[in-house]
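Here's the structure we're looking at; comments come further down.
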Amino acid sequence: MTQGDVEFCVRFPVHGNLKNWWRGVWQEQVSCPDSSVGCGTLFLLEIGPNGLVPIHAYDWNDGLFDVTWAENNENVLVTGAGDGQILVWDTTQPKGPIKAMKEHQKEVNSVHWSQTRADNLVVSGSWDKTIKTWDIFQTRSLSTFVGHEAIVYCVRWSPHIPGCIASASGDHTLRIWDVRRPDYAKTVIPAHQAEILTCDWSKYDQNMLFSGSVDCMVRGWDIRNPRTPVCELVGHKYAVRRVKTSPYAGNILASCSYDFTVRIWDTLQPLPLEILEHHSEFVYGLDFSVHKQGEMADCSWDEMIRVYTPKSLSHSLR
Amino acid sequence: MERLKVTLGHLSVRGDEDTPNKGREFVQCAGRLKRFPDSPDDVVIISALRTPIGKSRRGGFKDTFTDDMLAAVFKATLEKTKLRPEDIGDICVGNVGDPRASVSGRAAQFYSGIPDTVPVMSVNRQCSSGLQAVMNVAGSIKVGQTLLGIGAGVESMTMHRGQELDIPINPKMFENDKARDTLIPMGMTSENVAERFGVSREKQDRFALASQERAARAQKSGAFDEEIVAVTTTVKDKDGNEKSVTVSKDEGIRPTTLETLLKLRPAFKEGGSTTAGNSSQVSDGAAAVLLARRSEANRRSLPVFGVLRGYAVAGCPPDIMGIGPAVAIPELLKKTGLTVADIEIFEINEAFASQAAYCVEKLGIPHEKVNPLGGAIALGHPLGCTGARQIATLLHELKRRGKRAYGVVSMCMGTGMGAAALIEYPGPS
């Protein structure tokens with residue numbers, strides 16, 4: 001496959017002022033093509049006058065698959081690791097994670113900090129088919145959500161409904177969970193006829209959820225009536241790795257794919273607003289800045305992290 | 001190794017523009033009705049309405065112009081769906097005999113308050129014109145020309161009948177057998193079907209009787225009330241005095257018996273078997289179907305009444321044009337992967353009992369599934385209207401039955417063709 005570094009995820013911080021933006025980035029090193037063990041690094045990067053500058057790098061002895069910033073502490077990050085651990089990092093501490101919690105039996109593919117003010121919990125989704133919720137001040141997980149029949153690729157807290165989690169899985173379903181009922185999903189949506197690698201909630205409509213799949217499509221769902229997708233965004237030539245909804249406009253979302261492209265969509269239009277072809281490998285990670293309208297970051301197996309404002313979104317500024 | 005395998009799995013599907021059937025596979029549900037996956041780009045039916053069908057030259061619409069009949073169904077469609085007239089994206093009107101069909105369509109849109117910014121066209125595919133108009137709009141929705149439109153059909157057989165007889169015919173047509181056969185009067189093609197496939201007079205009359213009995217029962221029980229738009233119009237008596245009338249019921253339905261039918265004289269050929277009693281009636285009427293892309297219907301919160309799942313048109317010899325459904329329906333079933341058993345109702349136009357009975361037998365369709373509310377022999381066959389009228393009758397009957405089901409609308413066409421459409425009633429919402 002690929003030798004060298006491959007980036008998997010970028011996250012704009014939720015805190016910070018305009019001069020000092022932090023990005024949490026991790027990457028996995030694949031030592032040789034047939035190796036199943038890699039090493040991971042959590043990078044912190046800053047936008048300075050000379051562009052993107054790495055200001056710290058934390059190594060870990062397995063791949064780091066996902067990272068999320070704490071919503072209540074601007075120095076804290078949580079990552080999901082290939083060895084099944086949930087790692088808590090403090091950017092004021094120069095060495096290693098301040099906490100490691102091992103419960104997942106396999107790779108942790110997704111971590112997400114809760115979006116509603118009341119609870120400061122982390123949700124994780126793993127290749128072991130389970131979802132777990134965590135309070136980082138405790139040593140054990142709070143609950144384990146079972147039901148998915150394959151890898152859980154993505155877990156996302158609802159930004160509107162307290163205690164509500166969406167998950168995307170290799171079992172071709174999206175599931176909606178209530179934190180109080182870990183034993184069964186509230187809603188199961190057979191959203192695609194292929195593995196679903198990613199999902200994200202609309203930040204403007206509490207019932208809207210978007211999914212991205214190996215079938216190359218992004219679909220929008222109204223969770224009250226999930227029999228038919230509300231929209232279908234077709235164009236990617238290979239699996240959609242990540243979808244992200246814009247924090248600034250309810251109908252804008254971005255998707256990145258194994259086809260090396262990032263696409264910006266208006267969910268009301270069938271064709272993308274813009275196709276970005278600035279990578280030469282799988283594009284794995286994608287995020288919108290919450291501080292600067294239209295600004296995005298992405299990362300790819302071509303070892304490049306790009307921070308930019310797409311043309312199609314810079315217009316909407318004015 | 002597992003990580004490599006998982007990542008390779010993500011690359012198993014290649015997005016390709018050239019996959020028209022992608023996602024068209026059935027969602028398998030063991031032991032249950034096959035189900036097509038719903039997609040935002042499905043073409044769905046929001047409403048299907050029609051005027052009553054009037055008797056040509058003697059009935060309530062004998063002095064009503066095609067544009068007036070059309071306007072009645074356009075207006076009713078807008079009222080029922082609460083759409084604003086400017087929201088209509090395109091209109092297609094099916095018609096056979098009106099030499100000014102496109103102009104009539106344009107006039108009708110103005111009478112019903114649809115602004116001049118909304119385009120209109122007409123289509124003539126003989127007796128399938130009403131269905132073809134619906135399918136033209138469906139096609140326009142599929143290619144993204146519009147998100148919402150009306151497919152309609154209209155015919156005044158009182159006013160537009162046989163004008164083409166005055167138009168000169170290219171003498172060359174008589175030198176080519178097939179071209180010449182397209183000029184054979186429809187009644188004669190019915191005799192040809194009856195003779196060639198051995199459809200007896202009695203079989204035809206029994207078929208006609210069933211149509212009359214079913215239609216009478218349906219009318220009496222009010223089964224047509226929901227699809228019919230009552231039309232207030234004027235009729236002239238023989239002295240030219242105008243009188244306002246409201247037409248609210250189909251005029252062709254009449255009580256009859258097998259004995260009465262068997263006594264009728266052949267209408268087209270000495271010693272033939274096609275009579276006025278076992279042929280479709282000459283009629284006036286209009287129907288309109290409102291279609292939308294599913295995503296648009298959802299966006300506007302318009303309830304989905306039906307879903308178009310397939311369409312087939314196939315040709316057959318012009319001298320036995322009546323067998324059209326027997327070639328089009330198998331084509332449709334092949335395309336959609338369904339069987340006769342999967343279909344709840346077949347609306348097969350009864351141009352003549354000879355051809356309809358032949359098609360039903362040839363396809364092995366149980367009689368109770370065919371035209372359960374009667375067909376053109378009882379209701380009438382306003383040529384360009386019929387296809388759209390059948391959709392209205394089909395969907396309202398499926399709705400009455402109350403569960404998700406498939407229906408087929410099919411008809412034969414002069415010059416030798418058959419058309420068939422598969423429509424799903426999605427069940428009560």
Side-chain angles (χ1 to χ4, degrees), chain A residues 1-2 6 28 30 33-38 62-63 65 82 106-107 109 127 150-151 153 170 190 192-198 212-217 219-222 225-241 257-259 261 267-271 282 284 301, chain B residues 1-29 35-44 140-148 292-304 306-307 309 404 424 426-429:
Chain A
M1 204 156 31
T2 315
V6 285
E28 183 181 25
V30 180
D34 60 350
S35 168
S36 59
V37 185
D62 202 337
F65 281 53
K106 288 185 173 182
E107 288 83 344
N109 211 83
W127 289 24
I151 292 177
Y153 283 109
H192 294 265
Q193 287 176 316
E195 286 194 283
I196 308 171
L197 305 183
T198 174
S213 162
V214 166
D215 68 10
C216 312
M217 284 191 272
R219 283 176 165 168
W221 303 90
D222 183 328
N225 179 20
R227 205 191 133 186
T228 350
V230 177
C231 70
E232 194 170 83
L233 307 173
V234 183
H236 277 300
K237 296 285 179 276
Y238 276 110
V240 178
R241 180 67 204 196
S257 159
Y258 285 87
D259 69 4
T261 70
T267 59
L268 303 174
Q269 294 177 24
L271 294 175
F282 304 153
Y284 255 50
W301 280 29
Chain B
M1 275 319 286
E2 195 192 352
R3 289 186 194 172
L4 186 64
K5 227 168 68 192
V6 167
T7 307
L8 282 176
H10 298 168
L11 299 169
S12 60
V13 180
R14 175 94 171 90
D16 206 329
E17 286 98 74
D18 190 28
T19 47
N21 287 322
K22 195 169 136 194
R24 299 297 298 166
E25 313 83 40
F26 293 114
V27 180
Q28 288 300 337
C29 308
R35 168 168 245 163
F36 293 88
D38 289 344
S39 154
D41 78 340
D42 287 340
V43 177
V44 300
S140 300
I141 290 170
K142 271 285 183 197
V143 298
Q145 181 220 321
T146 184
L147 293 171
L148 188 144
R293 195 174 194 265
R294 189 194 286 274
S295 58
E296 182 68 4
N298 288 348
R299 191 177 74 77
R300 293 178 179 276
S301 303
L302 295 167
V304 173
V307 188
R309 293 300 192 186
R404 194 172 68 82
E424 177 186 343
S429 46

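Below, chains carry the letters A, B, ... as their sequence lines are ordered, and counting in each starts from 1. Since we're looking at a predicted model, the values are computed, not measured.
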Closer than 4.0 angstrom, basic N to acidic O: yes or no for Arg3(B) and Asp62(A)?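 Salt bridge: yes.
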Heavy-atom closest contact ([X] atom, [Y] atom, distance):
| X | Y | result |
| --- | --- | --- |
| Pro40(B) | Cys231(A) | CG-C, 4.0 Å |
| Tyr238(A) | Val13(B) | CD2-O, 3.4 Å |
| Pro229(A) | Asp38(B) | CD-O, 4.1 Å |

First locate atom [atom1] of [X], then atom [atom2] of [Y], and finally report the distance between them rounded to the nearest 0.5 Å.
| X | Y | atom1 | atom2 | answer |
| --- | --- | --- | --- | --- |
| Glu107(A) | Glu2(B) | CD | CD | 6.0 Å |
| Asp42(B) | Thr228(A) | CG | OG1 | 8.0 Å |
| Phe282(A) | Leu11(B) | CZ | CG | 4.5 Å |

What option among Ile151(A), Leu197(A), Val230(A), Val240(A) has the most heavy-atom pairs under 4.5 Å with chain B? Leu197(A)
Side chain from CB out, backbone as N, CA, C, O: work out which of these in Glu232(A) comes under 4.5 Å of a heavy atom of chain B, or both, or neither. both
Looking at the rings of His10(B) and Tyr153(A), which for Trp means the six-membered one, are their centres under 6.0 Å apart?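 Close enough - the centres of the two rings lie under 6.0 Å apart.
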